[in-house]
Amino acid sequence: MFRERLRAKAGFNLAYRVAIGVIGGLVLAAGIVMIPYPGPGWLVVFAGLGILATEFHWAGRVNGFAKRHYRRWVAWLGRQHLATKLVVMGGTCAIVLVTLWLLGLFGTIGGWLGLRWSWLASPLFGP
């Protein structure tokens, strides 16, 4: 009923759609960033698309598409040999470690431990 009252007023309707678009877009972007890391990355992606789908039909279609392919990926990975699973896990670990290095976490922890190794410093933020 609330939504129907907003639809009746063009200005409020536009403002509501923009707000949903911004909020859903931010949640979706955060989920995409979180995908390669341990945690709820895909859940946040689906939540962002769900928020967008309340106002935008294309988001509902994309959400269904993403869920289908996510389920296919999980099923495929479940059928694979242990070596394939370990390669996927190793790739995920490499992405996480490279990101932590680029963000300077290794240099920070090295500094706490008194390690001044140059390779620990982030190439983005320097020593």
Side-chain angles (χ1 to χ4, degrees):
M1 196 158 148
F2 168 75
R3 187 62 189 108
E4 293 306 318
R5 280 185 281 158
L6 284 179
R7 278 197 182 106
K9 299 176 182 165
F12 287 132
N13 186 42
L14 179 62
Y16 182 80
R17 287 176 62 89
V18 167
I20 291 296
V22 169
I23 293 168
L26 289 173
V27 172
L28 176 61
I32 289 170
V33 169
M34 293 171 21
I35 287 172
Y37 303 101
W42 280 108
L43 179 64
V44 176
V45 167
F46 297 139
L49 286 169
I51 292 168
L52 289 169
T54 63
E55 286 301 310
F56 307 103
H57 294 289
W58 62 264
R61 290 191 307 272
V62 171
N63 201 5
F65 174 84
K67 285 179 182 178
R68 274 192 314 278
H69 286 283
Y70 174 76
R71 287 185 197 116
R72 285 182 56 207
W73 163 254
V74 170
W76 176 84
L77 191 58
R79 293 188 307 267
Q80 299 309 304
H81 188 268
L82 179 61
T84 304
K85 293 176 186 177
L86 290 174
V87 168
V88 170
M89 188 184 332
T92 301
C93 288
I95 290 170
V96 170
L97 291 174
V98 167
T99 304
L100 293 176
W101 173 63
L102 289 173
L103 292 175
L105 187 67
F106 293 154
T108 301
I109 293 174
W112 295 343
L113 299 175
L115 304 172
R116 303 285 180 222
W117 299 333
S118 61
W119 62 270
L120 288 176
S122 168
L124 301 178
F125 302 114

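When all heavy atoms of Gln80 and Lys85 are compared, the pair lying nearest together is O-CE, 3.2 Å. Taking both residues in full, the closest heavy atoms of Ala53 and Ala59 are given as N-CB, 3.6 Å, listed atom of the first, atom of the second, then distance. Nearest approach of Leu49 to Ala66, heavy atoms of both residues: CD1-CB, 4.4 Å. Residue Ile51 comes nearest to Ile20 through the heavy atom pair O-CG2, 3.4 Å, listed as atom of the first residue, atom of the second, then distance.
Under the 4.5 Å side-chain heavy-atom criterion for ILVMFWY residues, no single connected hydrophobic cluster contains both Leu124 and Val33. Cluster membership for Leu26 and Val62, using ILVMFWY side-chain heavy atoms within less than 4.5 angstrom, is not shared. Trp42 and Phe65 fall into different hydrophobic clusters, where Ile, Leu, Val, Met, Phe, Trp and Tyr residues are linked whenever their side-chain heavy atoms come under 4.5 Å apart, directly or through other members. Val22 is connected to Leu14 through a chain of hydrophobic side-chain contacts under 4.5 Å among Ile, Leu, Val, Met, Phe, Trp and Tyr, so both are in one cluster. In this structure, Ile32 is a member of the same hydrophobic cluster as Trp58, with clusters built from ILVMFWY side-chain heavy atoms closer than 4.5 Å.
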Taking only distance into account, with no hydrogens and no angle test, what donor-acceptor pairs under 3.5 Å do side-chain atoms of residues 99-115 form with protein atoms, sequence neighbours excluded?
{"residue": "Thr99", "atom": "OG1", "partner": "Tyr37", "partner atom": "OH", "Å": "2.6"}
{"residue": "Thr99", "atom": "OG1", "partner": "Ile95", "partner atom": "O", "Å": "2.8"}
{"residue": "Trp101", "atom": "NE1", "partner": "Trp119", "partner atom": "O", "Å": "3.0"}
{"residue": "Trp101", "atom": "NE1", "partner": "Ala121", "partner atom": "O", "Å": "3.3"}
{"residue": "Thr108", "atom": "OG1", "partner": "Gly104", "partner atom": "O", "Å": "2.9"}

Under 3.5 Å donor-acceptor pairs involving side-chain atoms of residues 86-94, not counting sequence neighbours:
{"residue": "Thr92", "atom": "OG1", "partner": "Val88", "partner atom": "O", "Å": "3.0"}

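Taking the side-chain hydrogen bond (donor to acceptor under 3.5 Å, both in side chains) definition, one finds that Arg72 meets it with His69, sequence neighbours left out. Shown here are the side-chain hydrogen bond (donor to acceptor under 3.5 Å, both in side chains) partners of Tyr70, two or more places apart in sequence or in another chain: there are none. In this structure His57 satisfies the side-chain hydrogen bond (donor to acceptor under 3.5 Å, both in side chains) test with no other residue, sequence neighbours excluded.
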Go through the steps to decide whether Thr84 and Trp76 satisfy the test side-chain contact (heavy atoms from CB on, under 4.5 Å), and finish with yes or no. CA-CA 11 Å; Thr84 304; Trp76 176 84; 4.0 Å; yes
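Residues in residues 11-37 take part in these salt bridge (charged side-chain N to carboxylate O under 4.0 Å, His left out) pairs, two or more places apart or across chains: Arg17-Glu55.
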